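Before any comments, here is the structure.
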Amino acid sequence: MRAAPPSASDLPVLLPFRVSRTRTRFALRPTQAWLLGAWLAGLVLVVPAFAQGPDAVLSPLQVVLRWAPLLLTGFAFNVAISLVAMLLGTGAGLGLGLALVSEGPVLRRIAWGVTQVFRNVPWLVLLFFVMFLVPFQVTVFGLRVPLPDWVKATVGFALPVMANVAEIVRGAVRSVPATQWEAAESLAFTRRQTLFRIILPQCLKRMLPPWMNVYALIAMATVQASIVGVTEMLTLTAQVHAAEGGRPELFAPLYGFALLCFFLYCYPIDRLTARLERRFETA
């Protein structure tokens, strides 16, 4: 049944409620949203700083934004140390891992001993070992080559990488079915040809996820270089904290910014590692 039309004597509150079908369209483009966010951030952060005067104490967020370029430079140095250490450790670990699966018993035992030493010693101990026992310069053909602290720290981080990569290579080679070796031998392949043409190509997908996991660990461990005097992100964070008067309320924001940088860098590596493990899963 249809409702009776309202009469002129009906009160407005007794009239049936009608929802308007008119829609208001309001949307911001990505560029407009970015400009609006930048304007609001400037209004919240920059304007109070000028309003307080030149001698006013900056808020913790303003301090972090003020020193963020310098801290990010230190973080880039951490990333550079981790990449170089991973490159050196991977090259040395590949050779050490192949020595672990060699047929020569003497070479295999020596490689096993080196691997166990550098794999089961704390990384900080290795770092101190390299920093204080390696000279600050070496002479090569009469030419003095300086060895700054960051170079020695990089070598110190490369040693545990070498040992862990060697174990990754050994485990990957052992995981290949023995029928692959037998089939290559039946085709008159030498052991060297079998290893480099048949076995190692199959090991790449087995080695990639744990190799990425080792890199994530070494990237997070580079902050230990601050203990031995290398100017990286953690060292710069402490210097910034001291430059701002050592205010207690700045401790959590400054070091939280360092934590956020490492998390945003290492977390995608962890997710990619898990994804590759599922993709390259072998029986």
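Just so it is clear, the model here is predicted, and its values are computed rather than measured.
For the residue pair Tyr215 and Ser82, a side-chain donor N or O sits within less than 3.5 Å of a side-chain acceptor on the partner. For the residue pair Trp181 / Thr194, no side-chain donor-acceptor distance below 3.5 Å is found, with atom types taken as modelled.
Taken from CD in Glu244 to CZ in Arg66, the straight-line distance is 5.0 Å, to the nearest 0.5 Å. In this structure, Ser226 OG and Glu232 CD are separated by 4.5 Å, a value rounded to the nearest 0.5 Å. The CG atom of Leu70 sits 14.5 Å away from atom CZ of Phe75, with the distance rounded to the nearest 0.5 Å. With rounding to the nearest 0.5 Å, the separation of CG in Leu272 from CG in Leu208 is 7.5 Å.
Of the possible donor and acceptor atoms, none in the side chain of His241 sits under 3.5 Å from a partner among the backbone N and O of Leu250. Judged by distance alone, the side chain of Lys152 and the main-chain N or O of Met131 form a donor-acceptor pair under 3.5 Å. Gln193 places a side-chain N or O within 3.5 Å of a backbone atom of Thr190 that can act as its donor or acceptor partner.
A salt bridge does not link Glu103 with Arg108: none of the charged nitrogens is closer than 4.0 Å to a carboxylate oxygen.
Thr90 pairs with exactly one of Val165, Asn164, Val214 by the side-chain contact (heavy atoms from CB on, under 4.5 Å) rule, that one being Val165.
Annotation: Tyr267 is not in aromatic contact with Phe262 [ring centroid separation under 6.0 Å not met].
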